[in-house]
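See below for the structure under consideration.
Naming: A, B, ... by sequence-line order, numbering from 1 per chain.
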Amino acid sequence: MSNATAITPTRAQDFPEWYQQVVRAADMAENSEVRGCMVIKPWGYGLWENIQRQLDVKFKETGHVNAYFPLLIPLSYLEKEAQHAEGFATECAVVTHHRLEAQKQPDGTVKMIPTGELAEPFVIRPTSETIIGAAFARWVESYRDLPLLINQWCNVMRWEMRPRLFLRTAEFLWQEGHTAHETAEEAIAETRTMHKVYEDFMRDHLAIPVIPGEKTERERFPGAVQTFTVEAMVQDKKAIQAGTSHYLGQNFAKAANIQFLGRDNTRQLAHTTSWGVSTRMIGTVIMAHGDDDGVIIPPRVAPNQIVILPVTPKADTRDEVIAACEALAQTLRLQTFAGEPLRVHVDKRDLQGGAKNWEWIKKGVPMRLEMGPRDIANRSVAVCRRDQGPKAKEFVPKEDFLQNVTERLQEIQDALLARATALRDANMKKIETLEEFKAFFAEDSEGGFALMHWAGSSDDEDTLSKDLKVTIRCIPHGDQFAEEGKCFLTGKPSSHRVVFARSY
RNA sequence: CGGGGCGUAGCUCAGCCUGGUAGAGCGCUUGCUUUGGGAGCAAGAAGUCGUCAGUUCGAAUCUGGCCGCCCCGACCA
């Protein structure tokens with residue numbers, strides 16, 4: 001049998017359903033018995049581990065250190081910053097008891113009854129500004145204690161109404177950086193540095209071009225003075241916020257009382273920042289690069305960059321072929337790609353070759369190698385690239401392949417970035433009038449990123465969001481967006497375009 | 001929390017209207033055949049039909065309560 005595509009439906013037929021099917025076909029994650037909480041399976045978690053490790057290097061390079069803070073946050077901590085409290089109020093899981101009583105039922109079963117009510121409930125962290133702020137308040141006494149540059153890798157919980165694997169789950173994995181500084185300038189510089197780290201990481205590691213920019217007041221993190229975002233476009237032309245970096249001013253320092261004695265011998269409030277990316281990035285990679293045959297993982301972050309498929313048509317040559325594949329894998333693992341040893345897997349399972357081949361296509365491994373008796377005789381390997389069609393196969397002399405394998409991987413990495421950039425640029429359009437704007441986001445139109453002159457209010461933004469389901473994704477950085485014009489809604493003068501889009 | 005839909009084998013679902021206590025495809029196991037490709041044939045394992053109660057000689061099927069899930073909104077990384 002031969003399906004036209006490995007995934008049904010195709011992206012064009014039903015993008016949301018395609019996404020669900022792809023996650024399943026690639027065996028990356030599944031819904032668990034706990035509502036909104038996913039099980040991240042080894043192939044998905046392997047991708048997260050690579051993202052985590054590579055980002056962690058960048059955090060260390062920019063001077064940060066890792067630490068760990070409690071999962072449970074006293075309810076009163078959340079009450080200290082009014083905007084923050086309101087922002088997260090509707091999505092908090094609350095712990096109210098600290099023990100259970102096992103009650104034997106007449107039918108022999110046991111019921112567990114919560115007892116031991118807590119004097120003060122705990123909230124399972126939706127984010128850790130408040131509890132880390134409390135720690136910072138203890139740690140900071142003098143300007144000499146600053147800056148504090150801390151990062152935490154952890155899970156957080158936000159009781160979402162409508163969960164979706166990776167994109168929006170009740171529990172998710174992330175990192176949250178929290179820093180405290182002596183001056184506003186320094187804190188703003190930190191916010192921008194980390195914003196840039198995210199932008200570079202998305203482009204260079206995940207092969208996703210993002211629009212970096214600032215959020216409007218309406219879209220800002222609850223309690224922040226400024227929120228910076230990196231916005232990616234995925235293949236249904238919607239925007240996805242892939243990472244954020246917040247300048248918190250002195251709001252959280254005030255709430256948590258992070259004070260220090262300054263150079264002028266006066267007590268001052270610190271200026272803080274926070275910044276984070278989550279497992280949502282995995283969903284972004286899937287939606288940005290995947291095709292109708294499954295996921296395509298950029299080589300730099302792929303759990304396995306190369307999978308070797310032994311071709312064993314005859315039982316008597318099987319051992320020889322497998323030995324040759326293992327030897328090839330060992331040789332490859334001595335090489336490095338982007339500073340890390342090549343991650344090579346030999347799939348020795350006793351399954352039909354075609355079935356295995358398709359499995360790895362759906363998982364999105366960047367490069368598949370086939371080696372059988374004929375290849376051993378010819379001293380060649382068959383090379384299949386995931387950025388090309390499932391049938392595309394190139395027979396290459398083994399020695400040549402060993403010489404240029406990393407260049408080939410880089411070509412795949414570059415091809416994915418080029419493809420994603422082309423998609424974004426083709427669907428990003430300067431628009432001048434409200435009529436065109438409405439047409440751009442009409443039900444039956446493609447949509448995309450609309451670059452608009454904007455000088456409207458938060459209320460105007462609200463109205464547009466309700467009527468057309470579009471939001472201002474960001475006020476983008478960069479000269480190409482700066483130009484004189486008039487707001488398409490209010491007609492007021494504007495010196496800059498903003499990005500409107502539908503979003504995840 | 002509003003508006004729709006659905007809970008039957010690991011997965012996708014049929015059966016329900018017109019009660020007589022279970023079916024298909026895929027997957028899984030075994031055997032034979034096949035083998036540069038998601039293969040074929042055969043045999044087999046696997047479900048107290050979400051749950052509790054009611055009606056009935058008899059309930060997957062009818063009635064009611066409860067629980068859970070999915071989709072569309074509002075909320076969000």
Side-chain angles (χ1 to χ4, degrees), chain A residues 1-8 14 16-17 20-21 24-25 27 30-36 86-92 107 126-127 155-176 198 215 218-222 227 229-232 239-246 274-284 293-294 309-318 321 347 350-362 368-378 380-382 384 390-391 393 395 462 465-466 469 471 473 503-504:
Chain A
M1 75 151 218
S2 71
N3 286 337
T5 60
I7 304 297
T8 319
D14 184 348
E17 183 60 23
Q20 308 233 84
Q21 293 304 325
R24 186 138 87 108
D27 207 27
E30 62 186 23
N31 280 313
S32 74
E33 46 281 80
V34 183
R35 205 199 87 94
E86 276 174 48
F88 285 103
T90 58
E91 45 186 337
C92 286
D107 64 359
T127 179
N155 55 345
V156 290
M157 178 154 265
R158 299 182 188 176
W159 211 268
E160 295 294 346
M161 291 300 151
R162 273 188 58 207
R164 277 243 262 165
L165 289 171
F166 290 119
L167 298 174
R168 194 192 303 112
T169 47
E171 180 190 13
F172 57 94
L173 305 182
W174 79 342
Q175 59 69 216
E176 44 180 331
Y198 291 153
K215 286 287 185 192
R218 185 177 175 277
E219 300 280 324
R220 209 176 276 156
F221 177 75
T227 287
T229 175
V230 287
E231 297 286 327
I240 182 159
Q241 179 177 314
T244 46
S245 183
H246 316 289
S274 68
W275 30 273
V277 297
S278 72
T279 36
R280 171 179 257 202
M281 281 208 296
I282 296 175
T284 309
D293 290 323
L309 299 160
V311 180
T312 56
K314 302 225 164 36
D316 59 336
T317 55
R318 184 179 155 83
V321 169
D347 188 350
D350 182 22
L351 288 175
Q352 290 249 157
K356 281 202 276 194
N357 192 37
W358 277 102
E359 205 176 285
W360 291 110
I361 290 172
K362 288 185 275 194
R368 307 183 305 282
L369 301 181
E370 296 174 2
M371 193 143 85
R374 286 214 301 266
D375 304 299
I376 294 174
N378 300 338
S380 68
V381 288
C384 306
K391 297 276 189 274
K393 189 191 289 191
F395 289 90
D462 230 36
S465 127
K466 293 224 159 59
K469 293 176 193 149
T471 47
R473 301 317 304 158
S503 72
Y504 278 97

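- A pairwise comparison of heavy atoms in A:Ile7 and A:Gly294 identifies CG1-N, 3.5 Å as the closest pair.
- Under the ring-ring contact (aromatic ring centres under 6.0 Å, His included) criterion, A:Phe166 pairs with no residue, sequence neighbours left out.
- Side-chain proximity of A:Arg158 to the nucleotides B:G73, B:G38, B:C76 is greatest for B:C76.
- Nucleotide B:A22 has no partner under the Watson-Crick or G-U criteria, as no pair reaches both atom distances under 3.5 Å.
- Separation of the C1' atoms belonging to B:G27 and B:A45 is 13 Å when rounded to the nearest angstrom.
- Base pairing annotation: B:G68 forms a Watson-Crick or G-U wobble pair with B:C6, both donor-acceptor distances under 3.5 Å.
- The CG atom of A:Asn357 sits 15 Å away from the C1' atom of B:A39 (whole-angstrom rounding).
- Figure legend. B:U63 is base-paired to B:A53; pairs are counted as Watson-Crick or G-U wobble with both atom distances under 3.5 Å.
- Protein atom CD of A:Gln241 is 14 Å distant from nucleotide atom P of B:C75, rounded to whole Å.
- We find that CG of A:Asp350 is positioned 12 Å from P of B:C28, with the value rounded to whole Å.
- Here B:G38 is the nucleotide among B:G36, B:A77, B:G38 with the atom lying nearest to any side-chain atom of A:Trp358.
- Distance alone, capped at 3.5 Å, places no donor-acceptor pair between the A:Thr227 side chain and the A:Lys215 backbone.
- The P atoms of B:C67 and B:A24 are separated by 35 Å, rounded to the nearest whole Å.
- When each of B:G36, B:A77, B:C75 is scored by its nearest atom to the side-chain atoms of A:Thr90, the top-ranked nucleotide is B:C75.
- Judged by Watson-Crick or G-U wobble contacts below 3.5 Å, the nucleotide B:U30 has B:A42 as its partner.
- A:Leu309 has its CG atom 19 Å from the P atom of B:U35, to the nearest Å.
- Put simply, CD on A:Glu160 is 14 Å from P on B:A74, counting in whole angstrom units.
- Among the nucleotides B:G36, B:G38, B:G73, the one closest to the side chain of A:Asp375 is B:G36.
- Nearest nucleotide to the side chain of A:Ala355, out of B:G38, B:C76, B:A77: B:G38.
- For the pair A:Val156 and A:Glu176, the minimum side-chain heavy-atom distance is below 4.5 Å.
- Annotation: B:C13 and B:U55 have their P atoms spaced 35 Å apart (nearest Å).
- With both pairing distances under 3.5 Å, B:C17 is matched to nothing as a Watson-Crick or G-U wobble pair.
- With contacts defined as side-chain heavy-atom distances shorter than 4.5 Å, the pair A:Thr279/A:Leu173 qualifies.
- Pair check for B:A74 finds none; no Watson-Crick or G-U wobble contact set falls under 3.5 Å.
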- Task: Report the C-alpha distance between A:Glu219 and A:Arg473 in whole Å, list the side-chain angles of each, state the deciding distance to 0.1 Å, and finish with yes or no for side chain to side chain contact (heavy atoms under 4.5 Å, CB included).
- Result: CA-CA 8 Å; A:Glu219 300 280 324; A:Arg473 301 317 304 158; 3.9 Å; yes

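- Residue whose closest nucleotide on RNA chain B sits further toward the 5' end, between A:Thr279 and A:Arg164: A:Arg164.
- Here the separation of B:G20 from B:G58, taken at their C1' atoms, is 7 Å to the nearest Å.
- Checking B:G36, B:C76, B:G38 against the side-chain heavy atoms of A:Lys362 singles out B:G38 as nearest.
- When distances run from any side-chain atom of A:Arg24 to the nucleotides B:C71, B:A77, B:U12, the shortest one goes to B:U12.
- Checking B:C11, B:G38, B:C76 against the side-chain heavy atoms of A:Arg168 singles out B:C76 as nearest.
- The same atom, C1', is picked in B:G47 and in B:A14; the two are 15 Å apart, to the nearest Å.
- When distances are taken from the side chain of A:Ala382 to each of B:U34, B:A77, B:G36, the shortest belongs to B:G36.
- The interatomic distance linking A:Asn31 (CG) with B:G10 (P) rounds to 17 Å, in whole Å.
- A:Glu86 has its CD atom 16 Å from the C1' atom of B:C76, to the nearest Å.
- B:A46 and B:A9 have their P atoms separated by 15 Å, with the value rounded to a whole Å.
- The CD atom of A:Gln20 sits 9 Å away from the C1' atom of B:C70 (whole-angstrom rounding).
- Side-chain atoms of A:Gln352 lie closest to B:U34 of the nucleotides B:C76, B:G36, B:U34.
- Comparing A:Gly372 and A:Tyr504 along RNA chain B, the residue whose closest nucleotide (by nearest heavy atom) sits nearer the 5' end is A:Gly372.
- B:C28 and B:U63 have their C1' atoms separated by 39 Å, given to the nearest Å.
- Counting all heavy atoms, side chain and backbone alike, A:Pro373 lies closest to A:Thr317 at CG-OG1, 3.8 Å.
- Nucleotides B:G10 and B:G50 are separated by 13 Å at their P atoms, to the nearest Å.
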